[in-house]
Amino acid sequence: MTDNNKIAENIKYDAIKTEQKQRKIWDDSKLFFTGDIKKDTKKSYVLEMFPYPSGRIHMGHVRNYALGDVIARKNHAQGYQVLHPMGWDAFGLPAENAAMERGEHPGKWTYENINVMKEQLKLLGFSIDWSREFATCDQTYYKHQQRLFIEMFEKGLVYRKMSKVNWDPVENTVLANEQVVDGRGWRSGALVEQRELNQWFFKTTYFADDLIDALEGLNEWPERVISQQFNWIGRSEGLKFKFDLTHKFGDFNGLEVYTTRPDTLFGASFVAIAADHPIAKELAKNNADLEAFINDCKQSAVTAEALDTQEKKGFNTGLKVKHPFDDTWEIDIWVANFVLMEYGTGAIFGCPAHDQRDLDFARKYGLKVTPVILPKDADANTFAVENEAYSGDGSIYNSDFLNGLSIDAGKRAAIDKMVSLGRGEATKVFRLRDWGVSRQRYWGCPIPMVHCDTCGAVPEKIENLPIALPEDVTFDKPGNPLDRHPTFKHTKCPKCGSDARRETDTLDTFVDSSWYWARFCGLNPDAPTDLEGVNHWLPVDHYIGGIEHAVLHLLYARFFARAMKLTGHVNVSEPFKHLFTQGMVTHATFKSEDGKWVNPADVTIDGKNIFETATKKPVIMGAVEKMSKSKKNTIDPEYIVSTYGADVARLFVLSDSPPERDVEWSQAGVEGASRFVNRVYALFAKHALQSKTPVNETPNDADGDALAIIKAAHKAALNVTNAIDRFAFNAAIANMYELLNFLRNFDGKDDVKIINARGFALSVFARLLQPFTPHLAEEVWSLLGNDGFCVKAPWFEADLKYAIDDEVVIPLQINGKKRDELKVPKGSEQDYVLELANSSKAADIYLNGKTIRKVIFVKDRILNIVVSD
RNA sequence: GCGGAUGUGGCGGAAUCGGUAGACGCCACGGACUUAAAAUCCGUUGGGCUGUAAGGCCCGUGCCGGUUCGAGUCCGGCCAUCCGCACCA
């Protein structure tokens, strides 16, 4: 053992101290300050979904921001000008709850949390430009949001109406449709009630067609997000037309219905309306039985499972309509529990033969079932529908002028006829509704509108913005503190100057996060966006966050991009070019025998015995689940950072699983990452004992081991770069482990050429490490004798001359089974390889006495000889 | 019910273009160092059969089938798990 090695044995990497030192240097030199736009430099806008300031950061944040940081840092090294900002999604209910509990102002709680979390994020060494930080509860942010609201109002994208709303009785506020999951509030989990309230709406449906069409262009989005949005917007194309009532009823002489199957009109056997359809309501006034039925419908279940099993029920109103294509044909109108007022026109015609739901209904009430679509190869005289509706392809029959047509042609013909009769028109219907944004809460962006008895709802003047939240509020009573505030409500009409009432509802907090990506492009004090900034930086090149926002946030942000384009604040209609949705951080869960959750850190696993370390009481292992406080299976990132260092925390959350999948937190995995960091440091430190001269370019006089080292470095650079580009960070890290393992074979070797080659390989290695373990990378970068920052050193581009081996081992297959390996110079031709194969051991055994029928040769890949006896 | 994704050793996973399945890590086991342990370092590690040994053979990527000289990868059909939507007319 050389002296150097003896010294090296004692080399210990002090991650905690080194990381503090490095971060201070980065801060002092404003390393990640974006600065003014550099027009002649490639740009990269990397954005992770900004956090809600709940108190402390959790592992999910670490993974989210570590992912983005890899891309941002690699782009830095590649010479891009990078925009990598951070802010706070800071309005919302938890702050009000905290205010109630502590008697503090929600703003105080929020800003305190922001301070704590910002310090925690800084500990992790992310390459964030903190100079662009803002919180959505900053007046300097929501002021502009109020302006956007007013301008959208002026463009007709905002309106107010009385509407049935989803009322969350726990949060005491309204929820958007998207925020109701299985009939429950998405956050509170409370059963949602229906209430009638006057609400502000964003006209998301105005862009419905474009929101769905443009999905096709989002080819860097995950397929499942695209399909979720597609289903959510839910466009259907069909026919809206009017039935005539046989007898006028009150003010009603007709009934409008919507159908996607106008081709089956001659199979109609009933018409059904929703329980809250105006005709049903009117009828119920003089019909107690119907009233009872309607009330019954209203109370029916809201959950998915219940809907599934719920029986179809109807009430025959006694009213009838005439068939639109045959005056003499009369059809009963039923009120049915499965017809929704919110979709289409709230009324349908039922064709039981070709719709399962209609068939169930018809069978229950003994209604006629007339097939009008004849499957190919079926006999018109014998084809019948029993208990399964036929929804497949076929040709139309039993249908007068539609007979013989295909389904598509029949649809067109029926629509054309309906149009020529003046009874209807082709119509698109969307599942997507307009976005109700009024919330009866304090801690949100005030809606900048004024209600005047003469002028109606009038927007506040832009120069009066922000409409600021008053500070002197209390949370001791239920309801909205703004509404009961002594002065906030009282104002003058911006139009006529007379006494008026200020709107006291605030905006849904999803509004706040719908445009922050645009604000980051430049903190213009005078307008929502900086035009030069948005024109340069948008769209976001990489947007990274959780899959739980697949519909809500991402749909709203796409809507806002369109609205802001219309109002002249951005030039894109799609905000995010590449979307990446990362998996969760999970951890084992444990429960004590009395059913209480036990923190995994307090559990000892000794063979089959699992017990609480302190008390020795047995515990039961539960499922691996998303880290959550309630299940006590969280790991505090700050604890990991202070024990193992930020690099280890970052490395682990990226190394164990592909980023789009869940990663399971494990102590052993963390220790593995920590070993890696220490070994890497030791490798560099030992080298530094022998040389302090940086070798940043490929040495050209190497041979033997030195050449092998150089090749390994180039190969690693090629593989790691490719892996990062396809977001396979776990594979990138595996490649770095391989490089480490290889280079360790040459630890301490004192041959000059080896030292030189190793110095070069380490220079490459440091640069590959930089996006993943930046503190370590910068430290070892200077150990190699470099001035300046590793992150500023050019990203190492592999030379294929070195990265690709000049000798390859290819399999020799006989009849498709591998029988031997052949070492051949790269690019060897078939003749040469075949000759080599003939002299191999395998040839003796498998080729002797056989007839060669075919030879398959793929250069540098494989030789396969097909033989027979 | 509809739509989407996934399925590979004891575990997490790799295999980028149809061409050596199991890289890399974890766990486990053996060894070195140590009074001892931890740490560290060096090895072994898909299953089975066979051989004194070097080695050889068979099986193997959820299941069944197909295309191909060759399939984890492509095609058809199942099964399982997860996610989303769901009386949407």
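First the proteins, then the strands, lettered A, B, ... as listed; each starts at 1.
In this structure, CD of A:Glu671 is placed 9 Å from P of B:rU40, rounded to the nearest angstrom. Atom CG in A:Leu432 sits roughly 14 Å away from atom P in B:rC85 (whole-Å rounding). Atoms CD1 (A:Ile547) and P (B:rC83) sit 12 Å apart, rounded to a whole Å. Regarding A:Lys313, its NZ atom lies at a distance of 16 Å from the P atom of B:rC87, rounded to whole Å. Rounded to a whole Å, the CG atom of A:Leu215 is 14 Å from the C1' atom of B:rG3. The interatomic distance linking A:Gln228 (CD) with B:rG3 (P) rounds to 15 Å, in whole Å. Straight-line distance from the NZ atom of A:Lys818 to the P atom of B:rG56: 9 Å, rounded to whole Å.
An OP1 or OP2 oxygen of B:rA5 is reached within less than 4.0 angstrom by no side-chain nitrogen or oxygen of A:Arg661.
Residue side chain A:Asn231 does not reach the base of B:rC85 through any donor-acceptor N/O pair under 3.5 Å, judged by distance alone.
Separating the P atom of B:rC26 from that of B:rU20 is a span of 27 Å, rounded to the nearest Å.
Heavy-atom distances to RNA chain B give each of A:Arg726 and A:Glu664 a nearest nucleotide, and the one nearer the 5′ end belongs to A:Glu664. Where A:Glu223 and A:Ala734 each meet RNA chain B at their nearest nucleotide, the meeting point lying more 5' is that of A:Glu223.
Within 4.0 Å of A:Thr259, counting heavy atoms only, lie sugar-phosphate atoms of the nucleic acid but no base atom. Within 4.0 Å (heavy atoms only), A:Arg853 reaches no atom of the nucleic acid at all. A:Pro658 comes within 4.0 angstrom of sugar-phosphate atoms only, judged by non-hydrogen atoms across all strands, and of no base. Residue A:Asn719 is in base contact, counting any heavy-atom pair closer than 4.0 Å across all strands shown.
Between the side chains of A:Gln582 and A:Arg661, no donor-acceptor pair is found at a separation under 3.5 Å.
Taking the six-membered ring where the residue is Trp, the centroids of A:Phe580 and A:Trp221 are separated by 6.0 Å or more. Ring centroid separation for the pair A:Tyr556 and A:His549 does not come in under the 6.0 Å cut-off.
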